[in-house]
Number of protein chains: 2
Amino acid sequence: MPDKSKRSVSPVRSTQPVMWLLALLGRKWTLRVLWELRDQRLSFRALQARCDDISPSVLNRRLKELKTAMIIDHNGLGYGYTQLGSELGAQLLNLNDWAAKWSVEMEALR
Amino acid sequence: MPDKSKRSVSPVRSTQPVMWLLALLGRKWTLRVLWELRDQRLSFRALQARCDDISPSVLNRRLKELKTAMIIDHNGLGYGYTQLGSELGAQLLNLNDWAAKWSVEMEALR
DNA sequence: ATCTTATGCTACTATTTTGGTAGCGTCAAC
DNA sequence: GTTGACGCTACCAAAATAGTAGCATAAGAT
């Protein structure tokens, strides 16, 4: 039986998925890769070029992780979001809006 | 509407803030720290405990970075979001919704 | 006063992750 | 059959993170 203590629904079970996600996104280059794929599919080498010439070994690791997580896939047109992943990608666009506002605030206080 | 064609205005200037943000969030533990602060202020040691006993040296670096970015601050009640940062924190809550859906999909395909 | 407890760290070394370079196998065009 | 693009893999160097110890300060209890 799963955990019965304290909370009626297991707190572990309810927060684990987001923990996995945060760990995945928290690896270097993961967010950047997802950002670069925001509105187009890209080949391995095109991605590499856009990501400040990230080393192929790391890029490949990140792509494997994202494929395993079913956030991206790979076809003849290159790497891109899966249907599921695209909903996550949409949230990254929101980050851009926040960042724009943020930079204005930061500039104002320099 | 913002530019949608070929980046008529400086592409560097328009994407730099989000690049900084992605680099910041892409460091290990940064997202997790922000997640743990989502609905309460926490002391250094309380944060450490919640973040799987992250080493104090790394935690301190992350906190410094986030303070410099004016996303969090520190007062007598511990570390917590600034007004600006809380809008970013709100987006992390959305990540949780996505992650919940994601885990269901992943389970279904195992 | 002093003993305990909590806080917010810093210093140091070990381990893990990432970076950088070279190069291979496949394919398609020329 | 040579050239170029692609998607890698292997290898070692460099950088980031983990892990442990411990210090200084302050508040509260004895």
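Keep in mind that what you see is a predicted model, and the values were worked out from it rather than measured. Sequence lines set the chain letters: A, B, ... in the order given, protein chains first and strands last, and positions in each chain run from 1.
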NZ/NE/NH1/NH2 to OD/OE distance under 4.0 Å, B:Glu36 and B:Arg32: yes
Look at B:Glu65 together with B:Arg61 and state whether they make a salt bridge at an N to O cut-off of under 4.0 Å. no
OP1 or OP2 of D:dT9 under 4.0 Å from side-chain N/O of A:Asn60: yes
Do side-chain atoms of A:Ser86 reach the backbone of A:Tyr81 as a donor and acceptor pair under 3.5 angstrom? no
Residues which pass salt bridge (charged side-chain N to carboxylate O under 4.0 Å, His left out) with B:Lys67, listed by chain and number, not counting sequence neighbours: none
Round to a whole Å and report the spacing from CG of B:Asp53 to P of D:dA18. 12 Å
If we ignore hydrogens and angles and just use 3.5 Å, is the side chain of B:Arg41 paired with the main-chain N or O of B:Leu77 as donor and acceptor? no
Okay, side chain of A:Thr82, backbone of A:Asp73: is any donor-acceptor separation there less than 3.5 Å? no
Are more than 12 heavy atoms from other residues, nucleotides or ligands located less than 6.0 Å from atom CD of B:Gln40? yes
Rounding to 10 degrees, work out the angle separating the end axes of the helix from C:dA1-D:dT30 to C:dC30-D:dG1 (five pairs an end). 20°
Give a yes/no on whether any side-chain N or O of B:Trp29 is located under 4.0 angstrom from OP1 or OP2 of D:dA18. yes
Please tabulate, for side-chain N and O atoms in residues 51-59 of chain A, each donor-acceptor pair with protein atoms closer than 3.5 Å (sequence neighbours left out).
from	atom 1	to	atom 2	distance (Å)
A:Ser55	OG	A:Ser57	OG	3.3

Please list residues of residues 32-41 of chain B whose heavy atoms come under 4.0 Å from any atom in DNA chain D, ordered by number; otherwise none. none
So where does chain A start and stop touching DNA chain C, 5' to 3', when the test is distance under 4.0 Å to a non-hydrogen atom? C:dT18 to C:dA22
All N/O pairs under 3.5 Å across the protein-nucleotides 20-27 of chain D interface:
none

side-chain contact (heavy atoms from CB on, under 4.5 Å) between A:Ile72 and A:Leu34: does it pass, once the steps are laid out? CA-CA 9 Å; A:Ile72 66 171; A:Leu34 294 177; 4.0 Å; yes
Has B:Trp102 got a side-chain atom pairing as donor or acceptor with B:Asp97's backbone, closer than 3.5 angstrom? no
Between B:Tyr79 and B:Phe44, how do the two ring planes meet: parallel, tilted or perpendicular, split at 30° and 60°? tilted
Over how many whole Å does the gap from A:His74 atom NE2 to D:dC8 atom P extend? 6 Å
Protein-nucleotide distance (A:Leu42, atom CG; D:dA5, atom P), rounded to Å: 17 Å
Is there a donor in the side chain of B:Arg38 and an acceptor in the side chain of B:Asn96, or the other way round, less than 3.5 Å apart? no
Using heavy atoms to find the nearest nucleotide of DNA chain D for B:Glu65 and A:Arg61 separately, return the residue whose nucleotide is more 5′. A:Arg61
Would a distance-only check, ignoring hydrogens and angles, find a side-chain to backbone donor-acceptor pair under 3.5 Å from B:Trp98 to A:Leu84? yes
Quick one: A:Leu63 CG to D:dC8 P, roughly how many Å, whole number? 8 Å
